[in-house]
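A short write-up of the structure that comes next.
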Protein chains: 2
Amino acid sequence: MAERISDAEHAVMEVLWEEAPLTAQDVAERVDPERGWSTNTVKTLLGRLLAKSAIAHEEQGRRYLYRPLVARDDYVVGESRRLIDRLFGGRLTPLVAHLAERDELTAQDISEIEALLKELKA
Amino acid sequence: MAERISDAEHAVMEVLWEEAPLTAQDVAERVDPERGWSTNTVKTLLGRLLAKSAIAHEEQGRRYLYRPLVARDDYVVGESRRLIDRLFGGRLTPLVAHLAERDELTAQDISEIEALLKELKA
DNA sequence: TCTTATTGATTACAAGCGTAATCCTATTAC
DNA sequence: GTAATAGGATTACGCTTGTAATCAATAAGA
């Protein structure tokens with residue numbers, strides 16, 4: 001379950017998180033066209049995700065329907081934690097501070113987060 | 001310059017960001033002992049970082065002194081942006097929201113960030 | 001001067017990744 | 001019934017990464 005999902009694999013997961021279950025064909029059609037992947041590539045990635053138990057498949061006639069086993073939420077929180085631990089000693093504040101310093105935060109970001117934090121304390 | 005620094009390489013960069021210039025030996029001694037790396041491993045990584053132009057070296061007698069070319073700030077902001085773009089559509093708020101939802105934020109985090117944001121608006 | 005210890009450079013090597021092509025089998029169209 | 005097709009499984013292949021071992025040159029010590 002904890003097999004680290006690669007970048008390419010992640011693109012496939014996004015499709016299945018958006019909608020599932022799907023056939024390999026469906027997934028191939030929905031993957032970000034930016035990638036320009038062949039159907040075969042997508043099938044390979046589905047196979048690797050199966051091996052990692054990040055997804056499961058069930059037979060539907062002569063093909064499979066794929067669906068995620070790992071929740072998107074778990075994935076994004078895990079990845080976020082990894083980054084924050086690796087780069088900011090596990091604390092979120094320096095991340096926000098760095099982005100702010102670089103003007104990577106919009107006024108909207110700032111008020112959204114403020115509102116969110118206020119909510120949290122309530 | 002934009003050659004993506006790997007995880008192992010990053011551990012070496014951290015040493016040089018902390019103190020530079022240093023000899024390969026110095027770096028090897030300072031790398032997180034958790035890694036349990038041989039001196040050779042560290043030298044390989046220094047070589048790769050040189051090839052990626054992430055660091056530079058100047059001769060000092062019969063050995064080199066290594067120093068970072070990439071600033072830590074640029075690195076962390078770049079990595080953070082990548083994650084946020086990849087997982088949260090480029091917006092910081094969902095990251096904070098996800099962590100909050102999972103109780104990954106301490107009360108201290110929350111007040112720190114609030115203070116920081118208030119500062120930003122000033 | 002001959003040997004040994006340093007230190008950088010070169011080579012190694014398996015696993016993971018990105019990106020398929022090919023093979024095999026079942027099915028569908030003629 | 002035979003040929004083309006669709007779909008999964010297997011194999012491929014070069015690049016990067018993690019992790020060194022080995023080689024070559026030089027300096028230092030005996």
Side-chain angles (χ1 to χ4, degrees), chain A residues 1-16 20-67 70 75 78-79 82-83 86, chain B residues 1-16 20-67 70 75 79 82 86:
Chain A
M1 198 234 283
E3 281 256 20
R4 281 294 272 148
I5 291 169
S6 82
D7 195 71
E9 287 158 8
H10 170 238
V12 169
M13 291 302 290
E14 285 295 346
V15 172
L16 290 171
L22 292 178
T23 66
Q25 190 55 45
D26 291 337
V27 174
E29 278 161 18
R30 276 156 231 231
V31 159
D32 180 2
E34 283 280 319
R35 299 270 183 174
W37 280 336
S38 79
T39 304
N40 274 336
T41 298
V42 173
K43 283 183 188 172
T44 299
L45 293 172
L46 285 169
R48 289 181 184 169
L49 286 166
L50 277 172
K52 293 181 181 180
S53 301
I55 64 178
H57 62 357
E58 74 212 43
E59 232 158 330
Q60 185 225 34
R62 61 194 239 66
R63 54 206 174 140
Y64 290 119
L65 290 179
Y66 297 86
R67 88 190 125 72
V70 172
Y75 177 74
E79 291 294 299
R82 275 175 58 84
L83 181 101
R86 198 163 65 89
Chain B
M1 197 233 288
E3 281 254 21
R4 281 294 271 150
I5 292 169
S6 81
D7 195 72
E9 289 158 7
H10 170 237
V12 168
M13 290 303 290
E14 285 294 347
V15 172
L16 290 171
L22 290 178
T23 67
Q25 190 54 45
D26 290 337
V27 174
E29 279 162 18
R30 276 156 232 234
V31 158
D32 180 3
E34 283 281 319
R35 299 270 183 173
W37 280 337
S38 78
T39 303
N40 275 335
T41 296
V42 172
K43 285 182 184 172
T44 299
L45 294 172
L46 285 169
R48 289 181 184 169
L49 287 167
L50 277 173
K52 294 182 179 177
S53 300
I55 63 178
H57 61 358
E58 73 210 44
E59 232 158 332
Q60 187 226 33
R62 61 194 238 68
R63 52 205 176 144
Y64 290 120
L65 290 180
Y66 297 85
R67 82 178 61 264
V70 173
Y75 177 75
E79 290 294 298
R82 276 176 57 85
R86 199 164 64 89

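Below, chains carry the letters A, B, ... as their sequence lines are ordered, and counting in each starts from 1.
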**OP:** Please work out if R62(A) contacts a base, only the sugar-phosphate, or nothing of the nucleic acid, heavy-atom cut-off 4.0 Å.
**Re:** base
Original post:
Does any non-hydrogen side-chain atom of V70(A) lie less than 4.5 Å from one of K52(A)?
Top reply: no
**OP:** Classify the angle between the aromatic ring planes of H57(A) and Y66(A) as parallel (below 30°), tilted (30 to 60°) or perpendicular (above 60°).
**Re:** tilted
Original post:
If you find the nucleotide of DNA chain C closest to L65(B) and the one closest to D7(A), which residue's nucleotide is nearer the 5' end?
Top reply: L65(B)
**OP:** Can you measure from CG (L45(B)) to CZ (R35(B)) and round to the nearest 0.5 angstrom?
**Re:** 9.0 Å
Original post:
Which distance, rounded to the nearest 0.5 Å, do you find between the CZ of R4(A) and the CD of E79(A)?
Top reply: 4.5 Å
Original post:
Contact class for S6(A) vs. all strands (heavy atom < 4.0 Å): base, sugar-phosphate, or nothing?
Top reply: sugar-phosphate
Original post:
Heavy atoms, side chains only, cut-off 4.5 Å: are L22(A) and L65(A) in contact?
Top reply: no
Subject >> T41(A)-T44(A) side chain donor-acceptor pair, cut-off 3.5 Å >> reply: no
**OP:** Could you check if a side-chain atom of E59(B) sits within less than 4.5 angstrom of a side-chain atom of Y64(B), using non-hydrogen atoms only?
**Re:** yes
**OP:** Please list, in 5' to 3' order, the outermost nucleotides of DNA chain D lying under 4.0 Å from any heavy atom of chain A.
**Re:** dA6(D) to dA12(D)
**OP:** Find the distance between CZ (R30(A)) and CD (Q25(A)) and round it off to the nearest 0.5 Å.
**Re:** 10.0 Å
**OP:** Step through the shown structure and confirm whether more than 12 heavy atoms of other residues, nucleotides or ligands are within 6.0 Å of CD on E34(B).
**Re:** no
**OP:** Output the residues of residues 20-38 of chain A in contact with DNA chain C, where contact means a heavy atom of the residue under 4.0 Å from an atom of the strand; sort by number or write none.
**Re:** G36(A), W37(A), S38(A)
Subject >> Contact nearer the 5' end of DNA chain D, comparing R48(A) with Y64(A) >> reply: Y64(A)
Original post:
Is the shortest side-chain N to carboxylate O distance from R63(A) to D26(A) below 4.0 Å?
Top reply: no
**OP:** Taking the side chain as every heavy atom from C-beta outward, state whether L46(A) and L50(A) have any pair of such atoms under 4.5 Å apart.
**Re:** no
Subject >> Leading and trailing nucleotides of DNA chain C with any atom under 4.0 Å from heavy atoms of chain B >> reply: dT6(C) to dA12(C)
**OP:** With heavy atoms under 4.0 Å as the rule, sort T44(B) into base, sugar-phosphate or nothing.
**Re:** base
